[in-house]
Amino acid sequence: MSVTIRRAILADAHAIAEVHVASWRSTYRGLVPQAHLDGLSVERRETMWTSVLGDARTQTLVFVATADDGRIVGFAAGGPPQVPDSTYPAYTGELYAIYLLADHQGRGTGRQLVASLAHALATRGMTSLLVWVLEGNPACHFYAALGGVRAGEKPIDIGGATLTELAYGWPDSAPLRGIT
């Protein structure tokens, strides 16, 4: 099964929200409190994505991966650093989120999404990239395989539990932009 990567449109908000919630529930089971995962809502995520995709002034770029049947099976979002942090001044762009349905992982779709996002960010002058990922997330291996280097860590509260987020960075996103 092949996938197509394209820019997200407002009409994609519900499908993106479904992927977002399903991915959180499968990826973070055992890492974050189960009550938090159980409380995730497609409707709340849809509201969030509708806001992002419907705001003409937003600097957030969103790409979706669609299966042969047109169904959205993954997405990636990014833009300027969400919280400008003088600790990481070398990074002009940030990968905010990348999620794929479990049955579409390990097929190169994540690489394609990252390449599309990195290319679009570079056209806006963001030629370095940082991503924050929950410690223990299998995606840590994905980012390392893409050449990301550990750049830091910070605590994060999710569902009443204090967890650790790890930063992976690419001081130059050119290698990411060349991924196929």
Side-chain angles (χ1 to χ4, degrees), residues 1-79 82 93-124 126 129 131-134 136-146 148 158-159 168 170 173 176-180:
M1 176 183 291
S2 65
V3 297
T4 301
I5 307 298
R6 65 169 173 78
R7 284 287 296 271
I9 59 173
L10 183 58
D12 295 330
H14 183 78
I16 292 170
E18 289 179 325
V19 169
H20 203 167
V21 169
S23 296
W24 261 72
R25 288 182 174 154
S26 64
T27 301
Y28 298 126
R29 178 167 282 115
L31 294 175
V32 303
Q34 188 61 42
H36 181 78
L37 296 176
D38 292 343
L40 294 175
S41 159
V42 170
E43 293 74 22
R44 284 193 301 272
R45 292 290 175 163
E46 181 178 4
T47 298
M48 181 196 80
W49 287 112
T50 297
S51 176
V52 168
L53 295 171
D55 182 354
R57 297 165 297 152
T58 187
Q59 294 185 57
T60 299
L61 300 172
V62 183
F63 287 85
V64 294
T66 60
D68 293 332
D69 61 4
R71 186 173 51 102
I72 291 175
V73 298
F75 72 93
Q82 290 185 24
E94 184 175 338
L95 171 59
Y96 304 151
I98 180 170
Y99 291 103
L100 293 168
L101 295 176
D103 60 344
H104 287 273
Q105 295 174 10
R107 300 180 181 187
T109 304
R111 290 172 153 312
Q112 292 175 39
L113 283 165
V114 168
S116 296
L117 181 65
H119 178 75
L121 291 173
T123 65
R124 294 181 175 192
M126 292 173 258
L129 199 60
V131 63
W132 288 96
V133 59
L134 193 61
N137 182 336
C140 292
H141 301 292
F142 171 72
Y143 299 123
L146 291 179
I158 299 177
Y168 284 83
W170 295 264
S173 65
L176 294 175
R177 298 190 302 268
I179 295 173
T180 58

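Taking 4.5 Å as the limit, every side-chain heavy atom of Tyr96 sits out of range of all side-chain heavy atoms of Val52. Counting heavy atoms from C-beta outward, Leu146 and Trp170 have side chains that approach closer than 4.5 Å. Residues Arg107 and Val73 are not in side-chain contact: their nearest non-hydrogen atoms beyond the backbone lie 4.5 Å or more apart. A heavy-atom distance below 4.5 Å is not found between the side chains of Ile9 and Leu53. Inter-residue side-chain proximity for Asp12 and Phe75 is flagged as unmet; no heavy-atom pair is nearer than 4.5 Å. For the pair Val19/Arg45, no side-chain contact is recorded, criterion being any heavy-atom separation below 4.5 Å from C-beta on. With contacts defined as side-chain heavy-atom distances shorter than 4.5 Å, the pair Arg71/Leu101 qualifies.
Nearest approach of Val3 to Ala67, heavy atoms of both residues: CG1-CA, 4.5 Å. What you find for Leu100 and Gly74 is that their closest heavy atoms are CD2-CA, 3.5 Å. Of all the heavy atoms in Gly79 and Leu121, the pair that sits closest is CA-CD2, 3.6 Å. Minimum interatomic distance between Ile16 and Ala8 (heavy atoms only, all atoms of both residues): CD1-CB, 4.0 Å. Minimum interatomic distance between Ala13 and Thr50 (heavy atoms only, all atoms of both residues): CB-OG1, 3.3 Å. The shortest heavy-atom contact between Glu46 and His14 is OE1-ND1, 2.8 Å.
Judged by a 6.0 Å distance limit and a 45° cone about the ring axis, Arg7 is positioned over the six-membered ring of Phe63.
The line from OG1 of Thr123 to CG of Leu61 is 7.5 Å long, rounded to the nearest 0.5 Å. Note that the NE2 atom of His104 and the OG atom of Ser23 stand 10.5 Å from one another [nearest 0.5 Å]. For the atom pair CE of Met126 and CG of Leu95, the computed distance is 12.5 Å after rounding to the nearest 0.5 Å. Separating the CG atom in Leu113 from the CD1 atom in Ile5 is a distance of 4.0 Å, to the nearest 0.5 Å. Ile158 CD1 to Trp24 CH2: the interatomic distance, rounded to the nearest 0.5 Å, is 4.5 Å.
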Verdict with supporting geometry, Val21 and Ser41, side chain to side chain contact (heavy atoms under 4.5 Å, CB included)
CA-CA 7 Å; Val21 169; Ser41 159; over 6 Å; no
Walk me through whether Asn137 and Tyr143 qualify under side chain to side chain contact (heavy atoms under 4.5 Å, CB included).
CA-CA 11 Å; Asn137 182 336; Tyr143 299 123; over 6 Å; no
Check against side chain to side chain contact (heavy atoms under 4.5 Å, CB included), Trp49 and Val62
CA-CA 10 Å; Trp49 287 112; Val62 183; 3.8 Å; yes
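A donor-acceptor contact shorter than 3.5 Å links the side chain of Glu94 to the backbone of Gln82. No donor-acceptor pair under 3.5 Å is formed between the side chain of Ser51 and the backbone N or O of Thr47.
Remark: Gln59 CD is loosely packed, at most 12 non-hydrogen atoms of other residues, nucleotides or ligands lying under 6.0 Å away.
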